[in-house]
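Please read the structure below before turning to the comments.
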Number of protein chains: 2
Amino acid sequence: MESSLTISIQDYLKHIYELTEDGKNASTNALSERLNVKPASVTNMVQKLASVKPALVEYQKHQGVTLTKEGRKAALEVIRHHRLLEAWLVQTLGYSWAEVHEEAERLEHVISEDFERRMAAAMGHPLRDPHGELIPTADLVMPLEDSTPLSALRPKQKAKVQSVKNADAELLRYLENLGLLPGVQITVLDYSSFDHNLTVKAGAKVSVLGLNITSKIFVEHPG
Amino acid sequence: MESSLTISIQDYLKHIYELTEDGKNASTNALSERLNVKPASVTNMVQKLASVKPALVEYQKHQGVTLTKEGRKAALEVIRHHRLLEAWLVQTLGYSWAEVHEEAERLEHVISEDFERRMAAAMGHPLRDPHGELIPTADLVMPLEDSTPLSALRPKQKAKVQSVKNADAELLRYLENLGLLPGVQITVLDYSSFDHNLTVKAGAKVSVLGLNITSKIFVEHPG
DNA sequence: CGATAAATTTAGTATAATCTAAAATAGATT
DNA sequence: AATCTATTTTAGATTATACTAAATTTATCG
Ligand SMILES: [Mn+2]
Ligand SMILES: [Mn+2]
Ligand SMILES: [Mn+2]
Ligand SMILES: [Mn+2]
């Protein structure tokens with residue numbers, strides 16, 4: 001069990017996890033884009049991950065990949081590191097939620113299990129990272145999420161921002177300015193069926209948001 | 001200037017720095033031992049470091065290497081990261097001085113300059129790491145050290161422990177038990193010219209220490 | 001000095017991860 | 001079904017680092 005996967009492999013597994021959360025297979029091209037690696041290289045690596053002793057992925061030519069149980073555990077280990085690190089960096093070094101991601105991206109591969117335990121304990125075992133994303137438990141289980149994309153809400157509905165997914169630093173800074181942070185209560189004021197824009201009130205601020213923003217913001221208790 | 005040296009190269013430079021602190025060249029074999037890499041591999045890497053555009057080391061066949069100005073800056077950058085990390089892990093996550101080294105060894109290569117600045121600021125720009133070793137300044141200058149190996153002291157002399165160098169976790173735990181920590185006042189009670197053992201009092205505890213311990217403990221103001 | 005040992009270097013091989021260019025396949029469109 | 005396009009795979013090359021075995025150089029010592 002003391003295999004210690006390479007950083008590269010850890011990154012592949014993490015992105016495969018994220019791309020297969022919706023139940024679909026992770027395609028070569030999608031992985032290529034996320035990993036900033038050419039498709040040919042992805043095929044290569046994916047074939048290797050499928051043929052190592054305890055296989056890390058299930059692979060069928062031209063059909064993309066899914067994680068095996070072992071692959072999923074390894075992915076969740078990296079994701080737990082990543083999200084705990086994000087929370088930790090924000091709390092102890094004053095990083096903003098827009099800045100932490102990049103730093104955690106590199107640290108996630110090199111911290112020890114001891115480091116992981118110490119961070120978790122020091123923060124009182126937080127459930128979510130600064131972007132509101134769930135942190136896999138110490139025994140590597142991803143808690144169930146119960147949230148709705150903001151894009152599904154319609155005028156009059158109120159909800160609480162729970163998380164912002166896959167947002168780049170630029171967008172996170174933008175959202176912060178609009179007061180759209182995890183935990184904030186919002187109300188939908190208007191909806192345009194033509195462009196799917198939503199007019200949203202958060203605190204005193206009112207903003208009109210396009211679909212490629214509202215689909216990345218997740219809320220709880222729409223009502 | 002945005003070269004970003006590989007982790008391997010960073011480790012070579014760091015160890016070359018340490019091996020050349022005494023003014024001598026770092027030999028292939030010495031590096032091989034420290035880096036846990038075969039001598040042939042060291043020769044290979046060292047030749048490469050000598051021939052990159054701004055050379056990182058000065059190399060002459062069979063004579064070992066020294067650092068160039070560029071090589072030294074790169075080494076000090078890694079050492080600054082390492083020592084700040086050690087201090088930070090001890091202060092914020094409760095690591096013991098025996099445990100931090102290994103963790104810092106991996107983190108030193110992946111933290112950003114921003115991370116470095118934040119740590120330094122959060123700790124009030126510490127001068128020394130948990131082992132009492134000097135931390136290179138932000139502009140990568142190693143402050144002057146003024147200390148004496150404990151092995152040079154003789155009975156009746158008093159001094160303050162300043163640092164413990166190159167000690168493994170085992171030894172650090174041992175010294176901690178004997179109360180031999182940086183900042184502690186000690187008195188030499190006895191000396192044996194046959195085996196170079198020193199009898200040393202620290203607080204209430206008296207210990208007899210051999211040369212391979214007393215040569216790793218450095219003290220200030222022997223008097 | 002000259003033999004022997006120790007340290008170092010050379011030469012050739014291996015592994016991991018990536019790339020480019022070309023070939024093959026799958027999916028969509030007429 | 002035939003064709004075009006997008007996706008994926010194969011094949012072969014490249015870069016970085018390390019290894020083993022053999023050759024060479026330097027150091028030591030009788
Ligand atoms: Mn990563
Ligand atoms: Mn995140
Ligand atoms: Mn140290
Ligand atoms: Mn290191």
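Numbered from 1 within each chain, the chains take letters A, B, ... in sequence-line order. Just so you know, these numbers use all the heavy atoms, side chains as well, and skip hydrogens, waters and symmetry mates.
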Are the side chains of A:V110 and A:F115 in contact, using a 4.5 Å heavy-atom criterion? no
What's the [atom1]-[atom2] distance between [X] and [N], to the nearest Å?
{"X": "A:Y59", "N": "D:dT8", "atom1": "OH", "atom2": "P", "result": "10 Å"}
{"X": "B:K48", "N": "D:dT17", "atom1": "NZ", "atom2": "C1'", "result": "7 Å"}
{"X": "B:L35", "N": "D:dA18", "atom1": "CG", "atom2": "P", "result": "8 Å"}
{"X": "A:E33", "N": "D:dA6", "atom1": "CD", "atom2": "C1'", "result": "13 Å"}
{"X": "B:K61", "N": "C:dT9", "atom1": "NZ", "atom2": "C1'", "result": "7 Å"}
{"X": "B:N44", "N": "C:dT10", "atom1": "CG", "atom2": "P", "result": "9 Å"}
{"X": "A:Q63", "N": "D:dT8", "atom1": "CD", "atom2": "P", "result": "10 Å"}
{"X": "A:Q47", "N": "C:dT18", "atom1": "CD", "atom2": "P", "result": "14 Å"}

Which of C:dA11, C:dA17, D:dA18 is nearest the side chain of A:T6? It is C:dA17
Of C:dT18, C:dT9, D:dT8, the nucleotide closest to the side chain of A:P39 is D:dT8
- Query: Less than 4.0 Å between a side-chain N and a carboxylate O, is that true for A:K165 and A:E21?
  - Reply: no
Can you find a side chain N or O atom of [X] that sits less than 4.0 Å from OP1 or OP2 on [N]?
{"X": "A:Y12", "N": "C:dA16", "result": "no"}
{"X": "A:S27", "N": "D:dT7", "result": "no"}
{"X": "A:N29", "N": "D:dT8", "result": "yes"}
{"X": "A:K38", "N": "C:dA17", "result": "no"}

Taking the side chain from B:S32 and the backbone from B:T28, do they hold a donor-acceptor pair closer than 3.5 Å? no
Greater than 12 external heavy atoms within 6.0 Å of A:E170's CD
no
Discussion item. Just checking A:H81 against A:H109, ring centres under 6.0 Å apart?
Written reply: no
What does B:T43 touch in the nucleic acid at a heavy-atom separation under 4.0 angstrom: a base, only the sugar-phosphate, or nothing?
base
Need one value for A:S8: base, sugar-phosphate or nothing, where a base atom within 4.0 Å counts as base even if backbone is also close, heavy atoms only.
sugar-phosphate
Whichever of A:V42 and B:M45 has the more 5' nearest nucleotide on DNA chain D, that residue is A:V42
